[in-house]
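Position 1 is the first residue of the sequence, and the numbers go up from there. Just so you know, these numbers come straight off a predicted model, no measurement behind them.
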Amino acid sequence: EQLRKLDLSFVDLEALAATGTERPDDPRLTSGLGALTPRLDALVFLEQVRRVQPDDPALETALITALNLLKKRARSAIAGLPANPASGPLDAIETDLRWATLLKRRLVGLALPAALGAIEQFLGRPLAQQPSEEVLAAFSRAIGVASSAMDTINPDRGQRAAVIVRRLTDLALAASEAPRAAGRAATRHEPGSVVLDGPFDHLCPWQEWLELPARLRRLVPRLDERARDLLTARYGLAGDRPLTLVELARRTGGAAGSVARSLAGAQRELNNLSRSE
């Protein structure tokens, strides 16, 4: 029922007609997508954003096409579900949606330099010198604008993510309050004092019930190796394409039911760790 309520609108790109609903197999779309990190040092992340390589039109187009393909594929699969669907088709749909989230995470990461650059220009001072609440607000605004833009960008029309995101950020800032006085003293931050909690936890409407919660994701490194590897592959915690239960069983040499029980046990352990903190 939750899947049927989703609004899985997609941009009907020319490339989608050529590929149908086949899964994208480009290595750039299956690994290195960027993890949904539960906590980030905002100032360290800001420096990482500054080092993002100049945009690659071919990569951007491939990511946007794959994102829309997976949403189209999921919508079609949901529409074809019977009243009482089996677990396999549901798992395939949910895995595609998790993959779509990571593709969007990658796209948002590529667009953040444009959004944060617009915000710094508006503020008239480097973001690292702003009070912590403004640093956090800037990241929230930048990620939100970039995330919304990725749902409508159409490469077939020559639209580029950085240009669109920069323009949308400028419009959002113009509608907000004016920046504070430029003569205010710059803020100095202690290392680790400005923290982003779950910065990418709201990119897609299905994340709240399909992803491992941030409070549990940060505890995964404390599990034993097998449980850690299963959860990492299942949810794409390292930025690789998430896997279905059947794919996980094939990788581990076990049965899908056994893998499902192991995953459930690992998540129970995470919940116990979370409650004990």
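Note on residues 136-165: pairs passing salt bridge (Lys or Arg N to Asp or Glu O under 4.0 Å), not counting sequence neighbours, are Asp55-Arg160, Glu60-Arg160, Lys71-Asp151, Lys104-Asp151. Pairs of residues two or more places apart, or lying in two chains, that qualify as salt bridge (Lys or Arg N to Asp or Glu O under 4.0 Å) and include a residue from residues 222-233 are Arg222-Glu277. For the ring-ring contact (aromatic ring centres under 6.0 Å, His included) condition, the pairs that include at least one residue of residues 139-163, sequence neighbours left out, are Phe45-Phe139.
Leu59 and Leu112 fall within the same hydrophobic cluster, where Ile, Leu, Val, Met, Phe, Trp and Tyr residues are linked whenever their side-chain heavy atoms come under 4.5 Å apart, directly or through other members. The cluster map of Ile, Leu, Val, Met, Phe, Trp and Tyr, joined by side-chain heavy atoms under 4.5 Å apart, puts Val44 and Val49 in different clusters. Ile64 and Val165 fall within a single hydrophobic cluster, where Ile, Leu, Val, Met, Phe, Trp and Tyr are joined by side-chain heavy atoms under 4.5 Å apart, directly or via other members. Hydrophobic clustering of Ile, Leu, Val, Met, Phe, Trp and Tyr side chains at less than 4.5 Å, counting indirect connections, keeps Leu270 apart from Leu36. Cluster membership check: Val145 shares its hydrophobic cluster with Leu123, using side-chain heavy-atom separations under 4.5 Å among Ile, Leu, Val, Met, Phe, Trp and Tyr.
Between Ala249 and Ala256 the shortest heavy-atom distance is CB-N, 3.6 Å. Shortest non-hydrogen contact noted between Ala100 and Leu67 is O-CD1, 3.4 Å. Across Leu231 and Ala266, no two heavy atoms sit closer than the pair CD1-CB, 3.8 Å. Heavy-atom minimum distance, Leu116 versus Ala142: CD2-CB, 3.7 Å. The two residues Arg28 and Ala62 make their nearest non-hydrogen contact at NH2-CB, 4.0 Å. Closest of all the heavy-atom pairs between Leu43 and Ala128 is CD2-CA, 4.0 Å.
How far OG of Ser193 is from CG of Asp41: 7.5 Å, rounded to the nearest 0.5 Å. For the atom pair Gln267 CD and Ser262 OG, the distance stands at 11.5 Å (nearest 0.5 Å). Distance check, rounded to the nearest 0.5 Å: CG of Leu16 to CZ of Phe10 gives 6.5 Å. With rounding to the nearest 0.5 Å, the separation of CG in Leu243 from CH2 in Trp99 is 10.0 Å. To the nearest 0.5 angstrom, Leu223 atom CG is 6.5 Å from Leu273 atom CG. Distance check: Glu94 CD to Leu245 CG gives 9.5 Å after rounding to the nearest 0.5 Å.
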For Glu133 and Val194, what are the C-alpha separation, side-chain angles and deciding distance, and is it a side chain to side chain contact (heavy atoms under 4.5 Å, CB included)? CA-CA 9 Å; Glu133 64 271 17; Val194 188; over 6 Å; no

Show your working on side chain to side chain contact (heavy atoms under 4.5 Å, CB included) between Leu107 and Ile153 and close with a plain yes or no. CA-CA 11 Å; Leu107 283 162; Ile153 290 175; over 6 Å; no

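The side-chain contact (heavy atoms from CB on, under 4.5 Å) check on Val11 picks up Leu13, Asn68, Asn154, with sequence neighbours excluded. Annotation: salt bridge (Lys or Arg N to Asp or Glu O under 4.0 Å) contacts of Arg234 (sequence neighbours excluded): Asp91. Shown here are the side-chain hydrogen bond (donor to acceptor under 3.5 Å, both in side chains) partners of Glu120, two or more places apart in sequence or in another chain: Arg50. For Arg4, the salt bridge (Lys or Arg N to Asp or Glu O under 4.0 Å) partners two or more places apart in sequence, or in a different chain, are Glu1. Take Asn272 and apply the side-chain hydrogen bond (donor to acceptor under 3.5 Å, both in side chains) test, not counting sequence neighbours, and it matches Arg275. Judged as a side-chain hydrogen bond (donor to acceptor under 3.5 Å, both in side chains), and not counting sequence neighbours, the contacts of Arg166 are Gln121.
The backbone N or O of Leu136 sits nowhere less than 3.5 Å from a side-chain atom of Ser140 that would complete a donor-acceptor pair. Using modelled atom types, one side-chain atom of Thr65 and one backbone atom of Thr61 make a donor-acceptor pair closer than 3.5 Å. Checked by atom type and distance alone, the side chain of Thr152 pairs as donor or acceptor with a backbone atom of Ala149 at under 3.5 Å. Side chain of Thr37 to backbone of Leu40: no donor-acceptor contact under 3.5 angstrom is found. Under the 3.5 Å distance criterion, the side-chain polar atoms of Ser176 are matched with a main-chain donor or acceptor of Leu173. With Gln129 contributing its side chain and Pro126 its backbone, the two residues share no donor-acceptor pair below 3.5 Å. With hydrogens and angles ignored, the 3.5 Å screen pairs no side-chain donor or acceptor of Ser147 with any backbone N or O of Ile143.
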Pairs under 3.5 angstrom only: tabulate donor-acceptor contacts from the side chains of residues 195-203 to other protein residues two or more places apart or in another chain.
from   : atom 1 : to     : atom 2 : distance (Å)
Asp197 : OD1    : Arg39  : NH1    : 2.7
Asp201 : OD1    : Arg217 : NH2    : 2.7

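Within the 4.5 Å cutoff, side-chain heavy atoms of Pro242 are placed close to those of Leu102. Two residues are said to be in side-chain contact when any heavy atoms from C-beta on lie closer than 4.5 Å; Leu110 and Leu63 meet this criterion.
Taking Ile, Leu, Val, Met, Phe, Trp and Tyr as members and joining any whose side-chain heavy atoms lie under 4.5 Å apart, directly or through other members, the hydrophobic cluster of Leu97 also contains Leu3, Leu6, Leu8, Ile78, Leu81, Leu90, Ile93, Trp206, Trp209, Leu210. If you chain together ILVMFWY residues whose side-chain heavy atoms come under 4.5 Å of each other, Val163 ends up in a group of its own.
A side-chain hydrogen bond (donor to acceptor under 3.5 Å, both in side chains) with Asp96 is found for exactly one of Arg73, Lys72, Arg241, namely Arg73.
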